[in-house]
Amino acid sequence: MNHYRTNVRDIDFVLRELLGRDAVYGTAPFHDVDPATASTMLAEAERFATDVLAPSFADHVREPLHFDPADHSVTLPPDFRDAFAAYLKSGWLDPELPADISGQHVPPSLRLAVLELMLGANPSIPMGAYVVPQVVRLLHEYGTPEQKRLARLIVARNWMVTMVLTEPDAGSDVGAARTVARPQPDGSWHLEGVKRFITYGDHDISENIVHVVLARPVGVDGAGGPGTKGLSLFVVPKFHVDPGTGALGERNGAVVTGLEHKMGLTPNPTCELTFGVDTPAVGQLLGDEHDGIRQMFEIIKAIRMLVGVKSMATLSTGYLTARDYAGERVQGKPIGSGPGARPVAIIEHPDVRRSLMTQKAHAEGMRALILYAGSVQDSLVASQQAGAPDRTADSVHQLLLPVIKGYCSETGWRLLGQESLQVLGGSGYLADYPLEQYVRDTKVDTLYEGTTGIQGLDLFSRKILRDKGAALDTLLGEVAATAAPPADVKDEFPVEREQLALALEAFRDFVGLLQQRWQQPHPRGRALAAQDTTRLLLAAGDLLCGWLLLRSAEIAARSLAAGRPSKADTDFYAGKVATGRFFARTVLPRIAADLTAAGNNDGLLIDLPTSAF
């Protein structure tokens, strides 16, 4: 049976009813994607994800990757490789390409909805393929004429790409990278060094792989030097390419020298990549500009969003798997029943219902948060195309990125193991069900493209403090509007609004507390603040999900009051109302507790000698 369970009904609700995308789709610059086209895209994406990507998901029945050190090659399992190649050729990556290449503007909110379906079906495939349009966009925007030609070749030939940052002794500290690039008389560069954790560093999916590599130039006036500012970005193909014809030449000197053995995402080859061992690793400076870290972050930001979507998508299908199991698994009599009572499906048991609602609320809350960020991107793209970029939309989107990456990855990993797998009991621990693989595949989301601690620091120091809280105030103003009781109608959610208002107040005080500590003249103050930035990030995720779920509950309540023809619609909206109420009453109160915990932080851990740990 196919492991993947989609939730297109909820995607449709968020896009159309919560975020009002029908009023945006089909308007400038999204003329080619009206609401009917968007519905068709979602239906076709669901079909492709379910029928083409999902069947090769289960890693316990798949043969392992094969690494041949003699020729530095990696071979993938045939069924997985074929599904990946089908994805590259399918056209589902085209909406992510620059409009000059794809010929269309697809709304970012719709692109994120499609991405959820692909990631939920088989995350190892879209995770690798999603880098392709990001690199193409980079080459197209910043590249030399020859590199712009390469961008089109990547698309036309279905070539794969990689982003190459991490080194054995420089993980999150990218500025400590030691890989160097030496200029050559012909204008090319020779790279020397070792990189690790390179996703799809080698494989047999496509005939060529284009590596985009951060390295430190040496022997060049005004370039290189210590730290991240001394890094430049180089384009290094696996096989040399004739820029005129696109014909492949000899093997370049960038080769795989090891394969990582991982806890999850096992069909996804994560490689050690070595430059300049036997032959020179020849590359070209991107755009003839030494601006590597800024250029690479254009890709990193997109991948951080992908990570958040991946975690949410996996939690969603994990929850639906648990829900279906709970409806079929008969065990135990109802609480408080008499001796003659018959066993019932475990979905009737109170703690199982709590667990399922916890999963449902967080999965749907994170979906709403991600698609809300997509709607902000819709506004930004439209304003850019109109020649008047919306700076507020841009700053709000930047603020949301670390929350989506950090909150969704931490919450998805925690609930998949703590709740989804738990509902299945011992069966969830077996490879007979997909939950154990969901857990393994999701843990890495908290680690790569910046650990959760890094995301918390980024949210506070770079996003909140850098613009003096302007973007945050804009966002929290929307939350406050929902927390305020309606003036003209009877309020159906007084308790929930009160809880949202209290959570908002606690969150504002939390931010103020960390700001006060950060601005202390003594360095110890910043250390105190930094100790609670992860807690702040998770509180931000809870607050924003609670806000969007309450808005959803309001919409659902109005739809129920207006009357709906089908039982399916009635049950769906009843579930949305219950989800909003549940989250507001049981999750939002934790933010006040987070504030109390942060306030109790008096430097105990900072002052403790390292030998005491």
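Taking 4.5 Å as the limit, every side-chain heavy atom of Val52 sits out of range of all side-chain heavy atoms of Ser90. Annotation: side chain of Val256 is not in contact with side chain of Glu272 (no heavy-atom distance under 4.5 Å). Side-chain atoms of Arg304 and Ile404, non-hydrogen and from C-beta on, never get closer than 4.5 Å to each other. Within the 4.5 Å cutoff, the side chain of Leu76 has no heavy atoms near those of the Phe84 side chain. Annotation: side chain of Phe30 is in contact with side chain of Val381 (closest heavy-atom distance under 4.5 Å). At least one side-chain heavy atom of Leu42 sits under 4.5 Å from a side-chain heavy atom of Leu110. When side chains are defined from C-beta on, Tyr87 counts as touching Trp92, because their heavy atoms get closer than 4.5 Å. The shortest side-chain heavy-atom distance between Val444 and Met263 does not fall under the 4.5 Å cut-off.
A pairwise comparison of heavy atoms in Val577 and Ala553 identifies CG2-O, 3.7 Å as the closest pair. Among all heavy-atom pairs drawn from Leu53 and Ala83, the shortest one is CD2-O, 4.0 Å. When every heavy atom of Gly477 is checked against every heavy atom of Arg508, the shortest pair comes out as N-NH2, 4.4 Å. Across all non-hydrogen atoms, the minimal contact from Met41 to Pro95 is CE-CG, 4.4 Å. The heavy-atom pair separating Ala113 from Ile11 by the smallest distance is CB-CG2, 3.7 Å.
If you take CG on Asp390 and CG on Asp378, they are separated by 12.0 Å, rounding to the nearest 0.5 Å. Distance check: Arg323 CZ to Glu328 CD gives 10.5 Å after rounding to the nearest 0.5 Å. Atoms CD and CG, on Glu436 and Leu421 in that order, are 8.0 Å from each other to the nearest 0.5 Å. Taken from CG in Leu549 to CG in Leu18, the straight-line distance is 9.0 Å, to the nearest 0.5 Å. Taken to the nearest 0.5 Å, the CD atom of Gln134 stands 5.5 Å off from the CD1 atom of Ile303. To the nearest 0.5 Å, atom CE of residue Met296 and atom CG of residue Leu138 are 8.0 Å apart.
Remark: Phe507 engages no residue in a ring pair (Phe, Tyr, Trp, His ring centres under 6.0 Å) (not counting sequence neighbours).
Looking at Lys310 and Glu116, no side-chain N of the basic residue comes within less than 4.0 Å of a carboxylate O on the acidic one, giving no salt bridge. Salt bridge absent: Glu449 and Lys405 never bring a charged side-chain N and a carboxylate O closer than 4.0 Å. Remark: Glu554 does not engage Arg551 in a salt bridge, criterion side-chain N to carboxylate O under 4.0 Å.
Side-chain contact of Ser395 with Asp467: a donor-acceptor pair under 3.5 Å is absent, judged by distance alone. The closest side-chain donor-acceptor pair between Thr270 and Lys262 falls under 3.5 angstrom. Between the side chains of Arg367 and Ser316, at least one donor N or O lies within less than 3.5 Å of an accepting N or O. When only modelled atom types and interatomic distance are considered, Tyr573 and Glu17 share a side-chain donor-acceptor pair under 3.5 Å. With no hydrogens or angles considered, no side-chain donor-acceptor pair links Trp413 and Thr446 at under 3.5 Å. Of the N and O atoms on the side chains of His211 and Thr162, at least one donor lies less than 3.5 Å from an acceptor on the other residue. Between the side chains of Ser355 and Gln359, at least one donor N or O lies within less than 3.5 Å of an accepting N or O. Using a 3.5 Å distance cut-off with no hydrogens or angles, the side chains of Tyr25 and Ser109 do pair a donor with an acceptor.
More than 12 heavy atoms of other shown residues, nucleotides or ligands fall within 6.0 angstrom of atom CZ in Arg294. Within a 6.0 Å radius of OH in Tyr433, other residues, nucleotides and ligands contribute 12 heavy atoms or fewer.
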Test Arg5 against Asp324 for side chain to side chain contact (heavy atoms under 4.5 Å, CB included), laying out the working first. CA-CA 10 Å; Arg5 288 161 169 79; Asp324 290 351; 2.7 Å; yes
Could you please spell out the steps behind the side chain to side chain contact (heavy atoms under 4.5 Å, CB included) verdict for Val587 and His362? CA-CA 10 Å; Val587 178; His362 284 87; 4.0 Å; yes
Before you tell me yes or no, could you show the steps for Ile205 and Tyr200 under side chain to side chain contact (heavy atoms under 4.5 Å, CB included), namely the whole-Å CA-CA distance, both residues' side-chain angles and the distance that decides it to 0.1 Å? CA-CA 10 Å; Ile205 300 169; Tyr200 289 95; 3.9 Å; yes
Using the ring-ring contact (aromatic ring centres under 6.0 Å, His included) rule, take Tyr319 and Tyr438 through it: C-alpha gap first, then chi angles, then the decisive distance, then the call. CA-CA 11 Å; Tyr319 152 64; Tyr438 290 166; over 10 Å; no
Side chain to side chain contact (heavy atoms under 4.5 Å, CB included) evaluation trace for Leu214 with Leu233: CA-CA 5 Å; Leu214 272 178; Leu233 205 55; 3.8 Å; yes
Can you check ring-ring contact (aromatic ring centres under 6.0 Å, His included) on Phe80 and Phe57, steps first, answer last? CA-CA 8 Å; Phe80 181 82; Phe57 165 77; over 10 Å; no
Given the rule in the side-chain hydrogen bond (donor to acceptor under 3.5 Å, both in side chains) test, do Thr482 and Glu478 qualify, once you have shown the distances and angles that lead to the verdict? CA-CA 7 Å; Thr482 301; Glu478 292 194 56; over 6 Å; no
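Ring pair Tyr372/Trp547 is perpendicular by interplanar angle, where above 60° counts as perpendicular and below 30° as parallel.
Partner of Leu371 under the side chain to side chain contact (heavy atoms under 4.5 Å, CB included) criterion, out of Asp10, Val376, Leu19: Leu19 alone. The only member of Arg353, Arg354, Arg414 that meets salt bridge (charged side-chain N to carboxylate O under 4.0 Å, His left out) when paired with Glu419 is Arg354.
In this structure, the side chain of Lys195 engages the main chain of Leu165 through a donor-acceptor pair within 3.5 Å. Checked by atom type and distance alone, the side chain of Thr50 never pairs as donor or acceptor with a backbone atom of Arg47 at under 3.5 Å. Not one N or O on the side chain of Asn158 forms a donor-acceptor pair closer than 3.5 Å with the backbone of Ser206. No donor-acceptor distance shorter than 3.5 angstrom exists from the side chain of Asp532 to the backbone of Arg535, with no hydrogens or angles considered. Put simply, the side chain of Thr317 never gets that close to the backbone of Ala313: no donor and acceptor are under 3.5 Å apart. In this structure, the side chain of Asp441 engages the main chain of Leu265 through a donor-acceptor pair within 3.5 Å. Within the 3.5 Å criterion, the main-chain N or O of Leu447 finds no donor-acceptor partner in the side chain of Thr451. Remark: the backbone N or O of Val106 is paired with a side-chain donor or acceptor of Arg111 at under 3.5 angstrom. Put simply, the side chain of Asp445 never gets that close to the backbone of Ser409: no donor and acceptor are under 3.5 Å apart. Side chain of Asp202 to backbone of Val74: a donor-acceptor contact under 3.5 angstrom is found.
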Distance-only criterion, 3.5 Å: show the donor-acceptor pairs between side-chain atoms of residues 537-544 and protein atoms not counting sequence neighbours.
| unit_1 | atom_1 | unit_2 | atom_2 | d |
| --- | --- | --- | --- | --- |
| Asp542 | OD1 | Tyr407 | OH | 2.6 |
| Asp542 | OD2 | Arg590 | NH2 | 3.3 |

